[in-house]
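Everything below concerns the one structure shown next.
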Amino acid sequence: MSSITLEHIHHSYKNNLTLRDFSYSFGKQNRVCIIGPSGCGKTSLLRLIAGLEIPQEGKVLIDGALVTENKNLIVPPHKRGIGFIFQDLALWPHMSVYENIAFGLHEQETNQIDQTVKRSLDFFGISDAIHKYPHQLSGGQKQMVAIARTLVLEPKVLLMDEPMANIDVQVKEQILIHLKTLQHLYGFTLLYVTHDHREAFEIGEEIVVMREGKIMAHGTKEEILKTKDSFTQSFIKI
Amino acid sequence: MARTLKYLLSGILGVLLLAPIALLLLQWIGDDGSLSFLNGKTLSLIGHSIAYSSIIALVATLIGAVCAFLLTQFHIRFKSFYTFVLLLPILISPYIFAVAWKDIFIAVGGEKVMDKSILELIFIHSLLFFPLAMVIIMSALSRISASLEESACMITSYPRAVFKIILPLIQPSIGLSFVLILIFSLSEFSVPAYLGINTFTTEIFTQFSAFYNTKLALSQSILMLSFSLMLMLSEVKILSDAPFFTVDMKGNRTRIHTLDKGKKWVYGFLNTFVFLALFLPLSALVYQSVFAQETFFIRAFDLIAPALVNSVILAFFGACAIVLIGLWSAWLKERGRYSLPNTILLVMFIVPSIVFGIAAIHFYNTPIGNFIYGSMLILIIGYVAHFGFIASRIIANGYKQLPPSLEEAALLMGISPLKCFRKVTFALLSPSLFAAFVLSFVLCIGELGMTIMLYPAGMELAGVKIYTIAANAPQALTDTMILINLGTVLFFIGFFAFGGKILFKRGAHE
């Protein structure tokens with residue numbers, strides 16, 4: 001289990017302050033869900049941890065190592081041992097499923113790449129889609145490929161930014177079950193952003209509720225349900 | 001009503017634009033010696049011309065791609081200024097640059113350097129056409145979602161993400177830029193004509209206008225037409241939608257990188273091309289006009305003023321006709337799902353202007369068509385043929401951004417289709433219509449290849465006047481006339497840009 005610490009982060013996007021003096025340490029639990037309304041800074045938080053954005057002020061540490069400090073990117077995104085699943089999944093449209101998954105394995109031998117990709121596709125039950133292109137896949141298959149592409153690199157931390165936004169309920173439930181199994185198997189720390197509190201309660205061992213760049217409440221599902229914070233109460237409709 | 005409008009436009013475009021080309025083909029087929037032009041001299045000339053144009057297309061695409069990449073991917077100070085200035089050469093007539101660069105070459109290397117050098121043609125054409133590649137590739141880059149690049153950056157280094165993700169995704173646009181520049185460079189008339197370089201286009205013009213060898217000119221035109229259309233077919237899928245011809249270039253959220261180490265190289269590169277593509281040639285014209293032994297401002301003004309007034313009037317009517325046809329075609333494609341007019345305009349866009357010039361003379365120089373041939377109507381038809389596709393795509397891409405529900409909501413309220421068009425569609429489309437008008441106006445003023453073949457007797461036009469006078473007039477007089485012409489074009493660009501800003505800013509508040 002990895003720890004991610006953010007200290008006194010100030011961050012703005014297009015002149016709007018998305019995170020203000022934000023400090024928090026993730027990693028006490030394996031699966032953390034961050035919930036909050038649109039524009040509360042959830043996505044910015046994930047992007048800062050990934051190194052895709054740089055804060056105006058503050059520090060980001062992963063497993064105690066400083067990766068970002070103020071406006072300096074000390075460790076680039078691809079060297080942080082982090083996987084990121086985007087809301088639109090970001091499957092490269094010009095590459096087949098095989099090529100999408102193999103892209104990050106370029107330092108391995110060809111035989112080894114073949115084996116890793118095939119094993120991963122078998123695990124997700126989408127072996128028959130190996131030569132298909134993203135536009136030929138169903139919504140659920142796309143999800144699986146995006147997760148497989150990230151997990152073959154064995155990240156310490158997996159960041160997911162509202163990945164189920166465009167998926168129907170049945171497939172969503174299946175994927176969430178799959179995700180829990182994967183987390184047990186690989187042992188990564190999962191940070192999962194959503195605006196749906198039911199989804200968060202389903203997957204999260206720890207829930208963080210955000211509003212206007214600040215944490216309003218955090219804790220287990222039971223702790224959140226007992227919170228006295230009025231915003232959290234209204235957001236999750238207690 | 002909609003059905004009538006559908007077939008009416010196809011009929012108009014078919015008769016006015018396609019019929020001259022069809023007649024050209026029929027005449028060629030009916031000609032006994034139709035393959036007589038396939039001799040060593042002609043084949044060698046077209047071979048050379050294709051070779052020069054390929055080099056030009058390669059160089060211009062490369063420069064355009066680098067400029068587009070830098071301006072889209074990095075945080076550049078004065079980005080709008082760089083974009084505007086680097087795109088400006090495409091709005092200015094090529095012969096203006098030919099005259100300016102001739103001055104520079106002579107100043108640098110004397111008359112000898114101007115000895116019909118192919119390198120000069122390649123150099124000038126590359127600088128003229130790279131903005132086309134730039135605008136096409138910028139549009140492609142702005143349509144790549146940032147998450148595609150970011151997901152690669154989570155796995156690998158930025159240079160590898162560029163080569164493996166971004167480049168393959170914009171590769172169709174790079175290919176299209178290459179093909180379009182190849183076609184345009186091959187059919188561009190004014191620069192090789194002014195530099196005295198014999199290319200396939202100037203050869204067709206010479207055979208037709210100087211030697212009156214109509215048969216040969218006709219056969220050569222068919223060869224050039226076939227080559228252009230063949231090239232177009234390879235890119236027809238992406239070209240028919242032409243997403244780069246749009247007012248709104250915002251596209252997807254793109255990832256902007258901060259420049260660290262390579263800052264001076266990036267600014268150095270951009271500044272070099274701003275200097276070469278615009279400031280140096282303009283400075284040369286100003287220097288030649290102002291510091292020549294004899295100043296010709298009054299004489300040049302007297303000579304060019306009437307022609308310039310005619311050119312502005314012609315360009316105004318040309319632009320109005322182009323926007324009308326463009327709107328009609330765009331409406332049919334986007335709302336009527338009928339794309340025949342758009343296809344006709346696309347084909348005509350690719351037809352070299354000199355080929356359409358020859359075809360139009362054959363078709364309209366008859367007792368029935370003489371009212372067109374003997375008036376500015378023939379030039380307006382020519383401009384619609386050549387630039388109609390651009391306007392059609394700008395307006396159609398504007399249409400694409402308007403959800404049909406906006407019009408449907410008005411129609412369900414019982415508003416008549418005409419009022420709905422006037423109050424809803426036209427109001428929302430006005431930025432695209434305005435952009436299409438401005439671009440058409442500027443392109444019409446600068447067009448020379450077709451204008452020189454089709455201008456009616458007794459009508460003076462700025463480009464033709466300068467081109468014909470340049471052979472015998474002192475260089476300073478030509479430069480001064482060019483400068484006045486260019487000043488007028490830049491005045492109108494500025495006027496429209498300023499007017500558009502005020503107009504649409506006010507519209508947005510309302």
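What you are looking at is a predicted structure, and each value in this text was computed from that prediction instead of being measured.
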With sequence neighbours excluded, what pairs up with B:Lys400 under the salt bridge (Lys or Arg N to Asp or Glu O under 4.0 Å) test? B:Asp241

Out of A:Gln87, A:Arg149, A:His94, A:Glu99, return the one with the most heavy atom pairs under 4.5 angstrom to chain B. A:His94

The interface call for A:Leu89 against chain B, heavy-atom contacts under 4.5 Å, is neither

A:Leu153 portion near chain B, given a 4.5 angstrom heavy-atom threshold: side chain

Kindly say whether the aromatic ring centers of B:Tyr158 and B:His257 come within a distance under 6.0 Å. yes

How far apart are the C-alpha atoms of B:Phe349 and B:Phe184, what are their side-chain angles, what is the distance that settles it, and do they pass the ring pair (Phe, Tyr, Trp, His ring centres under 6.0 Å) test? CA-CA 10 Å; B:Phe349 176 61; B:Phe184 291 157; 5.4 Å; yes

Determine, for A:Phe86 and A:Arg47, whether the Lys NZ or Arg CZ falls below 6.0 Å from the six-membered ring centre while staying within 45 degrees of the axis. no

Measuring heavy-atom distances to chain A, does B:Thr258 have an atom under 4.5 Å in its side chain, in its backbone, in both, or in neither? neither

